[in-house]
Amino acid sequence: MPSQWGWGVVPCVQESRRIDMGKKDRDKLQGESGFQSYYSQLYGQRWSGLYQALLKESEPVAWQTEPGRPAYYLDSASIRAAVSLPLDGAASLLDLCAAPGGKTLVISSLMEEDACLLSNERSRERLSRLHRVADQHMGESVRRRVTISGRDGATLCRNPANAFDRILLDAPCSSERHVLASPRHLEQWSPARIKTLAVTQWALLSSAYRMLNPGGYLVYATCALSPDENDKVVERLEGKFADVELVRELPPVPAAVTRFCSAPLPTPEVTERGFHVLPDCSHSLGSGPLYFSLIHKNFCEEIE
């Protein structure tokens, strides 16, 4: 790993757990009671405090791309994940699931002056919002170097021309904090959704990795609580490709971040294959949940 980044120290170590239960037991976990049972088994004694922290609203922080432009407000954990993508020397960038646009604003603000960014979003409704966010919040010189597309990220890798030095993938996920805020979604909750989302996440991550240039870096992120959507997806990537190298210590937050955001950023906990910001931890500043893994692509061949 490049030593010039000056590796930071991550204080909290999160124990990763996995629920081992049969299909019949999983099928019984439905609605609010099933939600509570599932995550209490996952987090053990920690769940009570984490649950209470999830019920509280997080306070978004401002990201302002330049004076005179309206600030965009987003969770500080999202900023922490985005700024963990090292941009030095990167000419081509991809934000694969970019809407609503907060992380696109972050990495476009920090990318080098000759770099270009492709921000992609499959959903038509969310794509419209991505366009509005980019047009309203980006300075003109940056906006000219940002292209917005509406392709399926899982198939984007089929075009050999799609090759990037840096990729940010904030994948669709369970988003448990939002589930708890919606009685309708909480009533509909079941572990089956986690399994379905993990399939989607793998399709997106494997596509993103195929588009990553050798020597490049990728951040895989979700706002999910379950390792099945987080570490386990990254573990599958390690099993598929021989050139996957996980960055186990994060680079410090770039000094340039203070030009755009004056708020303090959280310090994530360490997981088996990444990092997690959880709102009950004193270092999280009430932000999250936000899991992310920083992945480096070496110069090897795919495992057959």
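- A81 pairs by the side chain to side chain contact (heavy atoms under 4.5 Å, CB included) definition with L290, F292, not counting sequence neighbours.
- A distance-only check finds no donor-acceptor pair linking the side chain of S182 to the backbone of V179 [under 3.5 Å].
- Of the possible donor and acceptor atoms, one in the side chain of S128 sits under 3.5 Å from a partner among the backbone N and O of R124.
- Considering CG of D75 and OG of S58, their distance stands at 4.5 Å, rounded to 0.5 Å.
- Salt bridge K232/E235: present, at least one basic N to carboxylate O contact under 4.0 Å.
- Atom CH2 in W47 sits 6.0 Å away from atom CG in L225 (nearest 0.5 Å).
- Of the charged side-chain nitrogens involved, none lies within less than 4.0 Å of a carboxylate oxygen, so that E269 and R80 do not count as a salt-bridged pair.
- Minimum interatomic distance between S149 and L118 (heavy atoms only, all atoms of both residues): OG-CD1, 3.6 Å.
- In this view, D170 and K103 satisfy the salt bridge (Lys or Arg N to Asp or Glu O under 4.0 Å) rule, not counting sequence neighbours.
- For the pair E66 and R69, the salt-bridge criterion is met [side-chain N within less than 4.0 Å of a carboxylate O].
- Atoms CG and CG, on L93 and L110 in that order, are 10.0 Å from each other to the nearest 0.5 Å.
- Under 3.5 Å, the side chains of Q201 and T222 contain no donor-acceptor pair of N or O atoms.
- Within a 6.0 Å sphere centred on CD of E59, other residues, nucleotides and ligands contribute 12 heavy atoms or fewer.
- Counting only distance, with no hydrogens or angles, the side chain of R273 and the backbone of N230 share no donor-acceptor pair below 3.5 Å.
- Environment of CZ in R122: sparse, with no more than 12 heavy atoms of neighbouring residues, nucleotides or ligands closer than 6.0 Å.
- Counting all heavy atoms, side chain and backbone alike, E112 lies closest to D88 at OE2-CA, 3.4 Å.
- A donor-acceptor pair is defined here as one N or O able to donate and one able to accept, closer than 3.5 Å; no such pair exists between the side chain of R126 and the backbone of C97.
- With hydrogens and angles left out, the side-chain atoms of Y291 and D231 include a donor and acceptor closer than 3.5 Å.
- A donor-acceptor pair is defined here as one N or O able to donate and one able to accept, closer than 3.5 Å; such a pair exists between the side chain of K297 and the backbone of L212.
- The two residues L156 and N162 make their nearest non-hydrogen contact at O-ND2, 2.8 Å.
- Side-chain N/O atoms of E32 and W189 include no donor and acceptor closer than 3.5 Å.
- Ionic pairing of D228 and K195 is not present here: no N-O contact between side-chain nitrogen and carboxylate oxygen is shorter than 4.0 angstrom.
- With hydrogens and angles left out, the side-chain atoms of Y209 and D243 include a donor and acceptor closer than 3.5 Å.
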Next item on the list: For side-chain contact (heavy atoms from CB on, under 4.5 Å), just list the numbers for F275 and S293, CA-CA rounded to whole Å, side-chain angles, deciding distance to a tenth of an Å, and then say yes or no.
Entry: CA-CA 6 Å; F275 308 88; S293 180; 6.0 Å; no
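- Heavy-atom minimum distance, S207 versus G153: OG-O, 2.7 Å.
- With rounding to the nearest 0.5 angstrom, the NE2 atom of H283 is 14.5 Å from the CG atom of L265.
- The nearest pair of heavy atoms linking L29 to P191 is O-CD, 3.1 Å.
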Less than 3.5 Å apart, which donor and acceptor atoms pair up between the side chains of residues 250-262 and the rest of the protein, not counting sequence neighbours?
from, atom 1, to, atom 2, distance (Å)
T258, OG1, A255, O, 2.9

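- Atom CG of residue L294 and atom OH of residue Y220 lie 14.5 Å apart, to the nearest 0.5 angstrom.
- For T104 and S119, the side-chain atoms include at least one donor-acceptor pair closer than 3.5 Å.
- Of all heavy-atom pairs spanning R248 and E272, the tightest one is NH2-O, 3.2 Å.
- Of the possible polar contacts, none joining the D165 side chain to the G216 backbone as a donor-acceptor pair under 3.5 Å is found.
- Side-chain atoms of Q52 and S48 include no donor-acceptor pair closer than 3.5 Å.
- If you check the side chains of R151 and T155, you find no donor sitting under 3.5 Å from an acceptor.
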Next item on the list: Determine, step by step, whether L117 and D95 satisfy the side-chain contact (heavy atoms from CB on, under 4.5 Å) criterion, reporting the C-alpha distance in whole Å, the side-chain angles of both residues, the deciding distance to 0.1 Å, and the verdict.
Entry: CA-CA 7 Å; L117 168 65; D95 188 353; 4.3 Å; yes
